[in-house]
Amino acid sequence: MTGPLRRAAGNLRRRWRRILALLVVGAGVVAPILTDLWWSLPLVWFLGIFVALPVLHTLAKPLPDAEDGSADPDAETDPALDALRERYARGEIDEEEFERRLDRLLATENAETRDREGVATRIRENARREVERLRR
């Protein structure tokens with residue numbers, strides 16, 4: 001798949017919940033017209049939005065991979081930290097620069113993250129493990 005097909009597949013993968021909701025609403029509107037039963041509209045909407053959508057959402061959720069450490073439900077990915085790790089891994093910055101920028105990144109966390117207990121410690125520990133892994 002290339003170009004427009006890949007883009008359409010990506011959009012479908014990201015927006016399937018919206019598409020399903022629109023299909024349920026449309027089916028709910030069409031159902032009473034086709035069946036001549038007024039109660040088919042709320043029935044289709046209820047089954048689609050309150051039964052099918054949550055079930056499909058739960059089934060479509062990716063399973064955490066225990067090998068990469070994402071099995072922890074509290075694990076959060078920080079794009080700035082990821083970018084910093086990538087630059088260190090590519091050799092664009094050395095270890096001292098990595099640690100200096102990591103300290104600056106942790107010092108400038110937003111208030112919401114700062115209030116959570118142990119987030120800074122967990123990020124720092126993950127970064128230290130990453131440094132050790134990259135040294136090997």
Residues two or more places apart in sequence or in another chain: which of them pass side chain to side chain contact (heavy atoms under 4.5 Å, CB included) with D36? none
Considering only distance and modelled atom types, tabulate donor-acceptor pairs under 3.5 Å from the side chains of residues 17-27, sequence neighbours left out.
| unit_1 | atom_1 | unit_2 | atom_2 | d |
| --- | --- | --- | --- | --- |
| R17 | NE | H57 | ND1 | 2.7 |
| R17 | NH2 | H57 | ND1 | 3.4 |

Is there a path of hydrophobic side-chain contacts, each under 4.5 Å between heavy atoms of I, L, V, M, F, W or Y residues, that connects L41 with V30? no
With rounding to the nearest 0.5 Å, note down the distance linking OG1 in T58 to CG in L53. 9.0 Å
If every non-hydrogen atom of P54 is compared with every non-hydrogen atom of I49, which pair is closest and at what distance? CD-O, 3.3 Å
Using every non-hydrogen atom in the two residues, find where T35 and S40 come nearest and quote the distance to one decimal. OG1-OG, 3.4 Å
CZ/R101 to CZ/R87 distance, rounded to the nearest 0.5 angstrom? 4.5 Å
Which atom names give the shortest non-hydrogen contact between V29 and P32, and what distance separates them? O-CD, 3.4 Å
Filter on side chain to side chain donor-acceptor pair (under 3.5 Å), then keep only pairs touching residues 43-52, sequence neighbours left out; what's left? none
Side-chain ion pair, R100 and E97, N-O less than 4.0 Å: yes
Under 4.5 Å between side-chain heavy atoms, counting indirect links through other Ile/Leu/Val/Met/Phe/Trp/Tyr residues: same cluster for W39 and I33 or not? no
State yes or no: do F46 and V55 share one hydrophobic cluster built from I, L, V, M, F, W and Y residues joined by side-chain heavy-atom distances below 4.5 Å, directly or via other members? no
Does E99 form a side-chain contact (heavy atoms from CB on, under 4.5 Å) with E96? I'd like the steps, not just the answer. CA-CA 5 Å; E99 299 226 357; E96 293 173 10; 6.0 Å; no
